[in-house]
Amino acid sequence: MIVMKFGGTSLGDGEAINRVVDIVCQTLKEKGGGIVVVVSAMSGVTDTLLSAAISAAQGDAETFRRARWHLSDRHRLAMTKVIGYEEARLQLMEEIEALLSDFENLCQSIHILGELTARGSDAVASLGERLTARILAAALRDRGERATAVEATAAIVTNGQHGSATPLMDETREAVQARLLPLLAEGVIPVVTGFIAATKEGVTTTLGRGGSDYTAAILGACLDSDEVWIWTDVDGVMTADPQVVPEARTLPEISYAEAAELSYFGAKVLHPKTILPAVERGIPLRILNTFNPPIPPCQGGQRGVAGKEGGGTLIMAEPKPSEFTVKGITSIKDLSLVTVEGRGMLGVPGIAAKVFTAVAQEGISVLMISQSSSEQNICFVIRAEAVERALRALEAAFELELARRNVDRVWAQDKVAIVAAVGAGMKGTPGIAAKVFGALGKHGVNVISIAQGSSEYNISFVVDEADMEKAVRYIHQEFGLGGARC
Ligand code: ADP
Ligand code: ASP
Ligand code: MG
């Protein structure tokens, strides 16, 4: 069994959807069955839905109405390009309009209340995937395949943490098998909404932005699939974001641990949580390009082989050893570096615990931590949007220490970015850090803070946001990642 997930660009318009239909039909022909499809919303749709809901809460009664008609036009246009049968078109049109009318009604209520709750936000955000699942299932039927749209709200059971809910795996496994196995047994392709799920009580939740990859891995784990294929708009996991480093190359094979580090530190090609269910069940993940698909061996192509052009990236427990110590360079921006400092912190136990408890109680996640050896300074990186809350929480937690001058100040540096060099071969290899920081020094890039975990799978450091792209390019070049075989 194979779970195939298609991202937003892969479903971005009628032409792209037709490619997806070709890929699914071709795979079905080769495998003879056992295919589950997972879809994202069309590119940009989740952003449109959410920003319309936010502006509705702020008193704007126009944007969400305009968004409805824009979304209606875009989905209708795509639909007319992928569905030939008039009757099927009319039926789908009705379904699209019903969902978009739900959107308008939800936004109207949000507008009246003047408040967008996390629960309301998930209800609105879920609509993009619900639209594409219906369109793709209808397009597959139009080509003569048996396919049906499946709402993941009836399959993936999560806790109630709206915006980044956590699946309850036992309940989910049961529900996924109950919902999907009968369809598969009848030879029907389930086209499942990515990104969305529901609580035990049936309230819609979402798995976090970019979470459709995670949906695919959850379904793969629950169905014990042979592989999970993530179809996107690049050839695989690359040595860097090709938008930042045009000469970046596709990595033929990487380990789960490397993929986890790369995605955690900004390689958007894979949602960081995708690795978890796959590792647990030992299911290989493959990243493939919808716009450059592998040619099956039966058609004489070499591109079906991982690592060759269009062969994608295979992510598994034990990839072939690589001559490359550093495999990829990643970066994340829109961050702030928070510092707690004071001479009175020296040797005082519990300061770090107090810092991170205060931040955790605010539900803020910390991306990187560093502490100076004199214990006079602890700094950590968080998303910029959380910085005000973090500072307030820390000032409250250290009120006494601040008054006694044991802690001198709690402050934040905005507009910083994390850059990370990742690769399993770094472990035990001397000179990697020297090479990373030597490259930066040579080009005059200032490093603000540094961290390396004891796993030695990555070296990460903080730079000014304006230096981020330069830093990625210099290190990529220093390790010869662009011009060499990886
Ligand atoms: P999808 O909509 O298919 O889920 P995403 O936009 O979420 O696709 O992820 C694909 C994008 O990830 C690529 O277009 C690329 O710009 C970006 N990206 C960032 N880092 C990497 C990397 N190391 N390798 C490949 N792509 C990367
Ligand atoms: N549509 C969702 C988002 O934009 C999920 C995804 O694309 O994976 O975040
Ligand atoms: Mg994505």
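Counting begins at 1 with the first residue of the sequence. Computed over heavy atoms, backbone and side chain alike; hydrogens, waters and symmetry mates excluded. As the structure lists them, so they are numbered: ligands from 1, and atoms in each ligand from 1.
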We want to know whether [X] and [Y] form a side-chain donor-acceptor pair, criterion being a heavy-atom distance below 3.5 angstrom.
{"X": "Glu104", "Y": "Gln108", "answer": "no"}
{"X": "Ser72", "Y": "Glu97", "answer": "yes"}
{"X": "Asp233", "Y": "Thr9", "answer": "yes"}
{"X": "Glu30", "Y": "Thr27", "answer": "no"}
{"X": "Thr205", "Y": "Asp122", "answer": "no"}
{"X": "His476", "Y": "Thr239", "answer": "yes"}

> Looking only at N/O atoms, are Gly208 and ligand 2 under 3.5 Å apart anywhere?
Replying inline: no
Does ligand 1 come near enough to [X] that some N or O of the ligand is less than 3.5 Å from an N or O of the residue?
{"X": "Gly266", "answer": "no"}
{"X": "Thr330", "answer": "no"}
{"X": "Val234", "answer": "no"}

Which protein heavy atom lies closest to [atom], and at what distance to 0.1 Å?
{"atom": "atom 23 (N) of ligand 1", "answer": "Met238 O, 3.0 Å"}
{"atom": "atom 6 (C) of ligand 2", "answer": "Ser212 OG, 3.4 Å"}
{"atom": "atom 3 (O) of ligand 1", "answer": "Thr232 OG1, 2.7 Å"}
{"atom": "atom 25 (C) of ligand 1", "answer": "Gly236 O, 3.3 Å"}
{"atom": "atom 2 (O) of ligand 1", "answer": "Gly8 N, 3.1 Å"}
{"atom": "atom 1 (N) of ligand 2", "answer": "Glu129 OE2, 2.6 Å"}
{"atom": "atom 14 (O) of ligand 1", "answer": "Asp233 OD1, 2.9 Å"}
{"atom": "atom 4 (O) of ligand 2", "answer": "Arg209 NH2, 2.9 Å"}
{"atom": "atom 6 (O) of ligand 1", "answer": "Lys268 NZ, 3.0 Å"}

Using 0.5 Å steps for rounding, measure from the [atom1] atom of [X] to the [atom2] atom of [Y].
{"X": "Leu168", "Y": "Thr166", "atom1": "CG", "atom2": "OG1", "answer": "8.0 Å"}
{"X": "Ile332", "Y": "Ile418", "atom1": "CD1", "atom2": "CD1", "answer": "5.0 Å"}
{"X": "Glu171", "Y": "Thr199", "atom1": "CD", "atom2": "OG1", "answer": "11.5 Å"}
{"X": "Thr313", "Y": "Ile315", "atom1": "OG1", "atom2": "CD1", "answer": "6.5 Å"}

So is [X] in contact with ligand 1, going by heavy-atom distances below 4.0 Å?
{"X": "Ser10", "result": "no"}
{"X": "Ser212", "result": "no"}
{"X": "Lys5", "result": "yes"}

> So is Gly8 in contact with ligand 2, going by heavy-atom distances below 4.0 Å?
Replying inline: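 Contact check Gly8 vs ligand 2: negative.
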>> Please determine whether any non-hydrogen atom of Gly7 lies less than 4.0 Å from an atom of ligand 2.
In response: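 The answer is no, since Gly7 has no heavy atom less than 4.0 Å from ligand 2.
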>> With a heavy-atom distance limit of 4.0 Å, tell me whether Ser40 approaches ligand 2 through its side chain, its backbone, both, or neither.
In response: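 The answer is the side chain of Ser40.
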> Numbering the atoms of ligand 1 from 1, which are under 4.0 Å from a heavy atom of Gln243?
Replying inline: 16 (O)
> Any ion pair linking Asp224 and Arg173 (charged N to carboxylate O, less than 4.0 Å)?
Replying inline: yes
> Given Val237, Ile329, Asp241, which has its nearest heavy atom closest to atom 16 (O) of ligand 1?
Replying inline: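 Nearest option to atom 16 (O) of ligand 1, by heavy atoms: Asp241.
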> Of the listed options (Thr239, Asn289, Val269), which comes nearest to atom 9 (O) of ligand 1 when hydrogens are ignored and any heavy atom counts?
Replying inline: Val269
> Under 3.5 Å, side chain of Thr132 to main-chain N/O of Ser40, donor-acceptor pair present?
Replying inline: yes
>> Test your reading of the model: is there a side-chain donor-acceptor pair from His443 to the backbone of Val445, 3.5 Å cut-off?
In response: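 No, because the side chain of His443 does not come within donor-acceptor range (under 3.5 Å) of the backbone of Val445.
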> Do you know which two heavy atoms are closest between Thr48 and His70, and how far apart they sit?
Replying inline: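 For Thr48 and His70, the tightest heavy-atom pair comes out as CG2-CD2, 4.4 Å.
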>> Applying a heavy-atom cut-off of 4.0 Å, say which part of Ala240 lies close to ligand 1: side chain, backbone, both or neither.
In response: backbone
